[in-house]
Amino acid sequence: MTAAAEANENLAALVPELALTGTAVVALVAGSWLPRRRQWIVAVLAAAACGAGLVATAVTTAAGDRQTVFSGTFTVDAATGAGRFTVLGALLLLVAMAVPEIRGHPRETEYHVLLLLTGAGTLVLVGATDLLTLFSGYLLAGIPAYALTGFGKDARGTEAALKYYLMGALLGTTMLAGTALLYAAVRTTGYRAAATAADSAPYGLVAVGFVGVLAGLLFKAGAVPAHFWLPDAAAGAPPAVAAYVTTLPKIGALVAGYRLLYEALPAAAGALSVVPAAVAAATMTLGNLAAFFQTEIRRLLAYSAISQVGYLLVPLAVAGRSGLAQQALLLYLAAYAAANLGAFAVLAALPAARTLDDHRGLARRRPVLAAVLVVCLLGLVGTPPTGVFLGKLQVFAAAVEGGAGWLAVLAVANTVASLFYYLRWLAPVFVPGEAAAPVNAPAAHGRWPVAAACAAAAVSLALGLAGGAVLPAVQDQLPR
């Protein structure tokens, strides 16, 4: 790296991150003065910040510039751009689907401020190329999320927030200890310098440090064995927050994990890949098994999210050994985010429907929501022409190319098995009869979750149909 690159402190490279954090500060101040009936202005500010970030990301991506800023601690490249598009688009959907529950809430401003801050932390995880920056992103993404999980201040939400916080504190400490061990081994926190120093560093120290850092990222992603908090958080939090905790943390954690293996520890990546490979196998299998007989929708989606992390860990297991790994990870993350958020948006539009039977007859009463649910749930399975189908194909191909064919076989078997519990949800939708709970959305602002659901389903289909145009944008490999 040149001295000019080391000295690069171009704030323009961080427009999306600055837009979220700056708007969070402005929104907090503005919300302190706005009357309660006009707190919706803060939601508009949050949406505008996401829009500004998307425009800035589009401009940067179109220019094709790759730059490392602030002494090599943050990198703007194809992976960062794809992560930004996914995170910012997801935040827009989360703002929309939260309208019925948050509009007029005494803490409406605080909700959007926390959402912006945790989104900014996720973006830091996506582009971090320094261990200390990585841990800072972990904290910024995590602390506001604990508050969001307990936002409803009810018994279930409080219990979920407490479990989330305790697991986060434990594995955050583990991650910090792993960072210290890696620093002791390579005498640097920057990925570029670590890649050079790791060749002569004690392998045992590097391996233990890597496992410690990865433990924190696996917690963020909701992977086994750090997954216990996720079903409770999804069941106890408001629908939009449940959508957040099962979607956004995965984006930051998995891109960060891939960078760590590919950029910081390329020489040891082959030997260390046994860890993400074993975790991937356990996560996709246990997540599916736990989802089979769930009757509460949010817990079913939470275990579905856990199983999806198993598939998403496969590219990490073949990092550096397959040229398809990076594009498979980035495409799958975007497609999964769209499908999962669409399913949760349907739940936000039907707040009284919490179990499978509560959706009985939905196709007759709300055909648009039923159609969205079909697209999103079959998308989560990986059915063409959705984006997850293309993402899974890339993941399977990457596993075979990287010499982990057994993971590809296990992933295919789990994909077929997952069809069972998604169809258990879809079957009542098309069965005539009365639902156990009303399936009508709230009269006020019910259009917002429906719009978010339709937008997510459209993105899921677009990623599948236009995959040929999307893949070249995420093929630019990270430096080694």
Trainee: Do Arg84 and Thr60 pair up side chain to side chain, a donor and an acceptor below 3.5 Å, judged on atom types alone?
Mentor: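 Result is no, nothing qualifies.
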
Trainee: Would you mind reporting whether Val245 and Trp229 have side-chain heavy atoms less than 4.5 Å apart?
Mentor: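 They are in contact (side-chain heavy atoms under 4.5 Å apart), so the answer is yes.
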
Trainee: For the pair Tyr146 and Tyr164, name the ring-plane relationship: parallel under 30°, tilted 30 to 60°, perpendicular over 60°.
Mentor: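 Tyr146 vs Tyr164 ring planes: perpendicular.
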
Trainee: Assign the ring pair Tyr332 / Tyr311 to parallel, tilted or perpendicular, where the plane angle (0 to 90°) is split at 30° and 60°.
Mentor: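 Tyr332 vs Tyr311 ring planes: parallel.
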
Trainee: Is there side-chain contact between Ile306 and Val309, with at least one heavy-atom pair below 4.5 Å?
Mentor: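 Not in contact.
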
Trainee: Which heavy atom of Leu116 sits nearest to which heavy atom of Thr23, and what is that distance?
Mentor: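 Of all heavy-atom pairs spanning Leu116 and Thr23, the closest is CD1-CG2, 3.9 Å.
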
Trainee: On a heavy-atom basis, which atom in Leu94 and which in Tyr111 lie closest, and how many Å separate them?
Mentor: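 Shortest heavy-atom contact: O-OH, 4.2 Å.
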
Trainee: Give me the atom names and distance for the closest heavy-atom approach of Thr246 to Ala302.
Mentor: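 Nearest heavy atoms, Thr246 then Ala302: CG2-CA, 4.3 Å.
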
Trainee: Indicate whether the side chain of Ser307 and that of Asn414 have a donor and an acceptor atom separated by less than 3.5 Å.
Mentor: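 No pair is found: no donor N or O on one side chain lies under 3.5 Å from an acceptor on the other.
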
Trainee: Less than 4.5 Å apart, side chain to side chain, heavy atoms only: is that true for Leu347 and Leu301?
Mentor: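 They are in side-chain contact.
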
Trainee: Could Lys163 and Phe228 be counted as a cation-pi pair, given that NZ or CZ must be under 6.0 Å from the ring centre and within 45° of the axis?
Mentor: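 Lys163 over Phe228 ring: no.
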
Trainee: Between Tyr262 and Tyr258, is the gap from one ring center to the other below 6.0 Å?
Mentor: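 Between Tyr262 and Tyr258, the centre distance is under 6.0 Å.
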
Trainee: In this structure, which one of Arg156, Arg298, Arg299 forms a salt bridge (Lys or Arg N to Asp or Glu O under 4.0 Å) with Asp232?
Mentor: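 Testing each of Arg156, Arg298, Arg299 against Asp232, the sole residue satisfying salt bridge (Lys or Arg N to Asp or Glu O under 4.0 Å) is Arg299.
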
Trainee: Do the side chains of Asn340 and Gln308 get nearer than 4.5 Å, heavy atoms only?
Mentor: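 The answer is no, as the side chains (C-beta and beyond) never meet within the 4.5 Å cut-off.
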
Trainee: In the structure I gave you, are the side-chain heavy atoms of Thr80 and Arg259 within less than 4.5 Å of one another anywhere?
Mentor: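 SC-SC contact between Thr80 and Arg259 confirmed.
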
